[in-house]
Undergrad: 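Please find one structure pasted underneath; my questions will follow.
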Amino acid sequence: MLQVPFIRQNKALVLERLTLKNFKELDLVEEVLALDDKRKKLTLEYDETQAKVNSASKEIGKLMAQGQKDEAESRKSEVASLKEKLHPINEELAVTEKVLIQTLSKLPNLPAAIVPPGKTPEENIEVRKGGDIPALYSGAVPHWDLAKKYDLIDFELGNKITGSGFPVYKNRGARLQRAMIQYFLDYNTSKGYIEYQVPHLVNEASGFGTGQLPDKEGQMYFVTEDELYLIPTSEVPLTNIFRDEILKDTDLPYKLTSYTPCFRREAGSYGKDVRGLNRLHQFDKVEIVQIVHPDKSYEILDEMVAHVEGLVQSLELPYRILRLCGGDMGFASALTYDFEVYSTAQQKWLEVSSVSNFETYQANRAKARFKDGAGKPQLVHTLNGSSLALPRILACILENNQTAEGIQIPAVLQPYFGSDKIV
RNA sequence: GGUGAGAUGCCUGAGUGGCCGAAAGGAACGGUUUGCUAAACCGUCGUACGGGUUAAACUGUACCGAGGGUUCGAAUCCCUCUCUCACCGCCA
């Protein structure tokens, strides 16, 4: 959530930045300010009336102790009339506060100064690229054919057990997935990230804290009976570890990593985008999260991008790093870099990581704070990134490394996989 | 799932209607003492939203798991919910 005092002091900037994010409901800004004014007015009114009640009550107590019953009774009736006023004020205040939060929640985060303008993925800016796109082997086929040929993934079996988008990995396909998880986690922990295993279902407060709720409700699977959501990414449980916490500034930054499956409904996706491993309802991902001092977050964002880049490079895959334009960014993000790897057999780039700085947007929703030098609570900045999402990496390894003799396994994965080739 | 007990500040823990935003101890932080460490001593040690101020000081309101109720007045009494613990049942 944006902070109301900030909106108040920087209204023009807020409107300009929201426009860059291709946000249309600009009237909401004015609405938020009006609601906040109303909230303040009602708060004052309530507090003043309640103060009168409190002091009268104290006096009644004294009068009773002194045996001045008549005087006490008259003060009682005075309090009663004050309380009649109090109830409606209180109710209106509660409604106003609720609507304020609801309205404020509809405003996305403001894009950082260096976010390029644009509405579509075509307008993202390529900031770096690396690796060579290999010449296409003459007998090359897409990964879904390779998966069948080498008996690595059974898509039909997933259809039977659950539905489309829930593939079954088997044999060396399953082994390769496990090898990647292991390697990615080891890579992250070697750079100071603390490994976590977190719940795969979260409550509503957690969904709100990271910005998935209420807006992206349809993206998450919901377990009605227990009112829990299946996580769309481990960002949600990891970041919510810090919800309603006041941290010590000397403990910052917190660096966390976790492997979890991720569940996404992907309602409305269809066609060739969902072929094979390209877009799934359940997939595996290793995530990195940092909780940092506001002064350091952009420096740390760069550090995280470099961290993920090192991981992609070690897999020897052709990649590019994009700075997302305003219109392509996520709701809660202030600046996002996407990593894409090139799938030779499909001849297209596939997103395998998204690294973002949320500044105080999530922290304000989750009330994640630290005590600054003066001992005052201040919102932290939160960042996260995939390191990495597995299915598309798997697709690219299979497609790019295929030869007539089989599929070559990247050197860094071989110790985990137990072999250098799939034949 | 059943039965019983409980939920107070960073922690332990007192508080059963007004003097309680909350005793006491511990931890932590700052300082004094000390050759260093330890000990001792002094001080600080909630959050949110308002008012106020250049900023402070100061000040109002709320919060003792959450929500509601009784009362002039609630941490304290009542109701509902959530969670925790113990025992039983079931079970990886």
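Lettering follows sequence order; numbering is per chain, from 1. The basis for the numbers below is simple: all heavy atoms, side chains too, and nothing from hydrogens, waters or symmetry mates.
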Undergrad: Salt-bridge test for Glu303(A) and Lys255(A): reply yes if a basic N is under 4.0 Å from a carboxylate O, no otherwise.
TA: yes

Undergrad: Is there any side-chain hydrogen bond (donor to acceptor under 3.5 Å, both in side chains) pair reaching into residues 13-26 of chain A, and which pairs are they, with sequence neighbours excluded?
TA: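 Non-adjacent pairs meeting side-chain hydrogen bond (donor to acceptor under 3.5 Å, both in side chains): Asn22(A)-Lys24(A).
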
Undergrad: Check this for me, if you would: do Lys62(A) and Glu59(A) make a salt bridge, where the nitrogen-to-carboxylate-oxygen distance has to be below 4.0 angstrom?
TA: no

Undergrad: Ignoring hydrogens and geometry beyond distance, is a side-chain donor-acceptor pair present between Thr233(A) and Lys285(A) at under 3.5 Å?
TA: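 Distance-only check passes for Thr233(A) and Lys285(A).
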
Undergrad: Take atom CD of Glu225(A) and atom P of G1(B), then tell me their distance rounded to the nearest Å.
TA: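 Whole-Å distance recorded here is 10 Å.
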
Undergrad: Does G46(B) have a Watson-Crick or wobble partner in any strand here, with both distances under 3.5 angstrom, and which is it?
TA: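 Its partner is C63(B).
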
Undergrad: Rounded to the Å, how far apart are Phe370(A) CZ and A28(B) C1'?
TA: 19 Å

Undergrad: Taking atom C1' in both C78(B) and U16(B), compute the distance separating them and give it to the nearest angstrom.
TA: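 These two C1' atoms come out 14 Å apart once rounded.
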
Undergrad: Does Asp186(A) form a side-chain hydrogen bond (donor to acceptor under 3.5 Å, both in side chains) with Tyr416(A)? I'd like the steps, not just the answer.
TA: CA-CA 11 Å; Asp186(A) 283 352; Tyr416(A) 296 95; 2.7 Å; yes

Undergrad: Using purine N1 to pyrimidine N3 plus N6-O4 or O6-N4 for Watson-Crick, or N1-O2 and O6-N3 for G-U wobble, each under 3.5 Å, what pairs with G52(B)?
TA: none

Undergrad: Atom CG of Asn90(A) and atom C1' of C49(B): how far apart are they, to the nearest Å?
TA: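 For the pair Asn90(A) CG and C49(B) C1', the rounded distance is 13 Å.
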
Undergrad: For Lys371(A) and U47(B), is the shortest distance between a side-chain N/O and OP1 or OP2 below 4.0 Å?
TA: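 For U47(B), OP1/OP2 do have a side-chain N/O of Lys371(A) under 4.0 Å.
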
Undergrad: What distance, rounded to whole Å, do you find between the two P atoms, one in G17(B) and one in A75(B)?
TA: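 It works out to 13 Å between them.
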
Undergrad: According to the Watson-Crick and G-U wobble definitions, with both distances under 3.5 Å, which nucleotide is paired to U16(B)?
TA: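 For U16(B), the partner nucleotide comes out as none, under the 3.5 Å rule.
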
Undergrad: Can you tell me the distance, in whole Å, between the NZ atom of Lys38(A) and the C1' atom of C49(B)?
TA: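 Whole-Å distance recorded here is 17 Å.
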
Undergrad: Under a 3.5 Å cut-off for both distances, is G89(B) Watson-Crick or wobble paired, and to whom?
TA: none

Undergrad: Looking only at atom P, what distance separates G73(B) and C63(B), rounded to whole Å?
TA: 13 Å

Undergrad: Report yes or no: is the cationic atom of Lys148(A) (NZ for Lys, CZ for Arg) closer than 6.0 Å to the six-membered ring centre of Tyr150(A), at no more than 45° off its axis?
TA: no

Undergrad: Using whole Å, what does the distance between atom C1' of nucleotide C49(B) and atom CD of Gln3(A) come to?
TA: 15 Å

Undergrad: Can you tell me, in whole Å, how much space there is between the P of C81(B) and that of A23(B)?
TA: 33 Å

Undergrad: Rounding to an integer number of angstrom, what distance separates C77(B) and A14(B) when you compare their P atoms?
TA: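 My reading of the P atoms in C77(B) and A14(B) gives 15 Å.
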
Undergrad: If the P atom of A66(B) is compared with that of G51(B), how far apart are they to the nearest Å?
TA: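 Going atom to atom, P in each nucleotide, I get 26 Å.
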
Undergrad: Identify the nucleotide, in any strand shown, that forms a Watson-Crick or G-U wobble pair with A40(B), with both distances under 3.5 Å; if there is none, say none.
TA: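 Across all strands, the one nucleotide that pairs with A40(B) is U32(B).
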
Undergrad: Should U84(B) form a Watson-Crick or G-U wobble pair with both distances under 3.5 Å, which nucleotide is its partner?
TA: A5(B)

Undergrad: Measuring only the C1' atom in each nucleotide, how far is G60(B) from G69(B)? A whole number of Å is fine.
TA: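 Each nucleotide's C1' atom is 26 Å from the other's.
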
Undergrad: Looking only at side-chain N and O atoms, does Arg39(A) come under 4.0 Å of OP1 or OP2 in G50(B)?
TA: yes

Undergrad: What one-letter contact string describes nucleotides 59-74 of chain B from 5' to 3', where B marks a base within less than 4.0 Å of any protein heavy atom, S marks contact via sugar-phosphate atoms alone, and - marks no contact?
TA: -BSS--------BBS-

Undergrad: Could you pick out which residue, Lys40(A) or Gly375(A), lies toward the 5' side of RNA chain B when each is mapped onto its nearest nucleotide?
TA: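 It is Gly375(A), whose closest nucleotide lies nearer the 5' terminus.
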
Undergrad: Check this for me: does any side-chain nitrogen of one of Arg75(A) and Glu78(A) sit under 4.0 Å from a carboxylate oxygen of the other?
TA: yes

Undergrad: Mind checking the P distance from G13(B) to G2(B)? Whole angstroms is fine.
TA: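 It works out to 29 Å between them.
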
Undergrad: Which one is paired to A23(B), where only Watson-Crick or G-U wobble pairs with both distances under 3.5 angstrom count?
TA: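 By the stated definition (distances under 3.5 Å), nothing pairs with A23(B).
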
Undergrad: Just how far, in rounded Å, is C1' of C49(B) from CD of Glu45(A)?
TA: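 Atom CD in Glu45(A) sits about 16 Å away from atom C1' in C49(B).
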
Undergrad: Ignoring hydrogens and angles, state whether a donor on the side chain of Glu359(A) or Tyr298(A) is under 3.5 Å from an acceptor on the partner side chain.
TA: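 Looking only at side-chain atoms, Tyr298(A) and Glu359(A) do form a donor-acceptor pair, the distance falling under 3.5 Å.
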
Undergrad: Write down the distance between CG (Asn364(A)) and P (A48(B)), rounded to a whole number of angstrom.
TA: 12 Å

Undergrad: With a cut-off of under 6.0 Å to the ring centre and 45° to the axis, is Arg365(A) in cation-pi contact with Phe208(A)?
TA: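 Checked: cation-pi criterion met.
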
Undergrad: Can you measure Leu104(A) atom CG to C49(B) atom P for me and round it to whole angstrom units?
TA: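 Atom CG in Leu104(A) sits about 13 Å away from atom P in C49(B).
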
